There are 2 protein chains.
Amino acid sequence: MSLKYAILGLLDEEPCYGYEIKHRFEETMGDLWPISYGQLYPTLRRLTGDNLVTVQVVQGKKAVDKRVYSITEKGKALFNRWLFGEDKKIQTSIKDEFSLSLFFAERMKRDELVSAIRKLHKKTIKRLSLLRGSAKSQGLDSLHYKKFLVRKMELMMEAEEMWLRELLEDLT
Amino acid sequence: MSLKYAILGLLDEEPCYGYEIKHRFEETMGDLWPISYGQLYPTLRRLTGDNLVTVQVVQGKKAVDKRVYSITEKGKALFNRWLFGEDKKIQTSIKDEFSLSLFFAERMKRDELVSAIRKLHKKTIKRLSLLRGSAKSQGLDSLHYKKFLVRKMELMMEAEEMWLRELLEDLT
DNA sequence: CACAACATGTAAGATGTTACATGATTGA
DNA sequence: TCAATCATGTAACATCTTACATGTTGTG
């Protein structure tokens with residue numbers, strides 16, 4: 001599980017509560033890697049049980065309790081073994097509904113297909129421009145590797161957009 | 001579950017046994033969407049239980065039994081509802097170990113990072129040339145939408161390669 | 001004879017989404 | 001006052017990978 005390492009890495013910077021972990025991570029990685037609470041909170045529990053992190057319940061401004069997690073020595077050791085460890089894998093598979101439906105597209109009417117593609121294409125262009133806007137507003141200077149993560153998403157979305165454009169050109 | 005629709009779609013062309021389903025699908029989709037037997041066979045059982053497909057056990061050449069699956073009317077109806085149905089989603093997230101490790105790359109030594117990237121870059125170039133080779137050898141003519149799936153993989157891998165190249169240029 | 005390809009599966013666990021459930025605080 | 005944001009969680013289910021287990025058939 002990689003989310004585990006995302007959490008450990010963030011806590012290795014400083015103690016955080018769950019909500020904060022999600023937001024710090026997604027600030028940069030949100031487009032590439034969204035985190036749901038349904039996955040986050042159970043994972044934090046498990047990490048606590050495995051003694052990789054500890055919790056401290058803290059009073060919020062008022063009545064709201066926060067569970068602030070800190071990384072343990074065991075957690076640090078595990079994170080470092082992962083970070084400096086064996087070859088990291090890169091994602092290679094692309095499993096999405098639209099691609100699958102294209103596998104069977106000979107059974108669809110051309111105009112239905114074209115209109116579905118047009119819709120997706122518009123959506124992709126919109127997401128791309130949003131991404132470019134938010135990338136600028138993030139204060140990611142040239143010292144930060146994190147800017148490359150935003151750049152990766154941009155390149156991926158550009159490829160997606162180009163692919164949809166090619167499809168449309170070919171079909172019309 | 002989308003694998004379900006991949007199976008139903010294939011069986012809607014003609015009856016197949018499990019091994020054959022895997023190979024037919026992966027012939028085109030293998031790079032984008034590999035299927036494991038550990039997922040395939042249980043799924044076929046479930047589809048049978050749901051009366052979306054039927055099985056017939058057939059003697060192979062010799063002692064090897066094949067379980068040949070056929071789609072039912074109920075299965076056809078479900079597949080068509082899916083194929084012609086609501087907006088299909090396109091994959092947007094990219095959750096891989098390497099990208100995550102880049103999130104924490106400030107903690108790594110530059111030369112270690114560079115050598116890790118170089119390794120990945122070489123691997124990517126190799127995969128890309130393999131893909132281009134096999135794309136040619138597949139008899140995918142201009143009538144088949146399936147060629148666009150191969151093209152998509154190519155564009156994705158080109159984007160990946162370009163990204164790694166940018167990273168290397170920036171770091172050296 | 002060895003190895004690849006053919007053929008089927010199970011078990012365990014990793015990974016992830018969605019819907020539901022609750023309630024306080026802040027700003028327009 | 002209404003919506004957004006803050007804050008935590010559970011339950012159900014969907015998806016997928018890896019390792020294990022078994023045996024045959026065809027090819028060099």
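If you're wondering where the values come from, they're calculated on a predicted model, not measured in any experiment. Note on naming: letters A, B, ... go to the chains in the order of the sequence lines (proteins, then strands), and numbering restarts at 1 for each one.
Atom CD of Glu20(A) and atom P of dT8(D) are 9 Å apart (whole Å). Atoms CD (Glu26(B)) and P (dT17(D)) sit 10 Å apart, rounded to a whole Å. Between Lys22(A) atom NZ and dT5(D) atom P the separation is 13 Å, expressed in whole Å. Distance CG (Leu100(B)) to P (dA14(C)): 17 Å, rounded to an integer number of Å. Atom CZ of Phe25(A) and atom C1' of dG16(C) are 14 Å apart (whole Å). Between the CH2 atom of Trp82(A) and the P atom of dA14(C) there is a distance of 17 Å, rounded to whole Å. What separates NZ of Lys4(A) from C1' of dG16(C) is a distance of 16 Å, to the nearest Å. Look at CD1 on Ile7(A): it is 11 Å from P on dG16(C), rounded to the nearest Å.
The side chain of Arg67(A) places no N or O atom within less than 4.0 Å of a non-bridging phosphate oxygen (OP1 or OP2) of dA7(D). In terms of phosphate contacts, Tyr41(B) brings no side-chain nitrogen or oxygen within less than 4.0 Å of OP1 or OP2 of dT10(C). Put simply, Tyr19(B) has a side-chain N or O that comes within less than 4.0 Å of OP1 or OP2 on dC6(C). Taking side-chain N and O atoms only, Tyr37(B) has no distance below 4.0 Å to OP1 or OP2 of dT8(C). Residue Lys66(B) places no side-chain N or O under 4.0 Å from the OP1 or OP2 atom of dT24(D).
With dT17(D), dC6(D), dT8(D) as the choices, the nucleotide that has an atom nearest any side-chain atom of His23(A) turns out to be dC6(D). Set against dT10(D), dG16(C), dT17(C), the side chain of Leu3(A) has dG16(C) as its closest nucleotide. Of the candidates dT17(D), dA7(D), dT18(D), the closest approach to any side-chain atom of Gln39(B) belongs to dT17(D).
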Report task. Would you check, one step at a time, whether the test salt bridge (charged side-chain N to carboxylate O under 4.0 Å, His left out) holds for Arg132(A) with Glu158(A)? Result -> CA-CA 11 Å; Arg132(A) 284 172 176 153; Glu158(A) 279 173 1; 2.6 Å; yes
Requested in this report: Please test Glu161(B) against Lys126(B) for salt bridge (charged side-chain N to carboxylate O under 4.0 Å, His left out), starting from the C-alpha separation and ending with a verdict.
Outcome: CA-CA 10 Å; Glu161(B) 190 276 325; Lys126(B) 194 171 279 176; over 6 Å; no
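Heavy-atom distances to DNA chain D give each of Ile35(B) and Pro42(A) a nearest nucleotide, and the one nearer the 5′ end belongs to Pro42(A). Comparing Tyr69(B) and Lys95(B) by the nucleotide of DNA chain C that holds the closest heavy atom to each, the one mapping nearer the 5' end is Tyr69(B).
Nucleic acid contact for Gly38(B): base, since at least one base atom lies under 4.0 Å from a heavy atom of the residue.
Between Tyr5(A) and Trp82(A), the ring planes are parallel. Angles under 30° get that label, and only those over 60° would be called perpendicular.
Salt bridge Asp50(A)/Lys74(A): absent, no basic N to carboxylate O contact under 4.0 Å.
The ring of Phe79(B) has its center closer than 6.0 angstrom to the ring center of Phe104(A).
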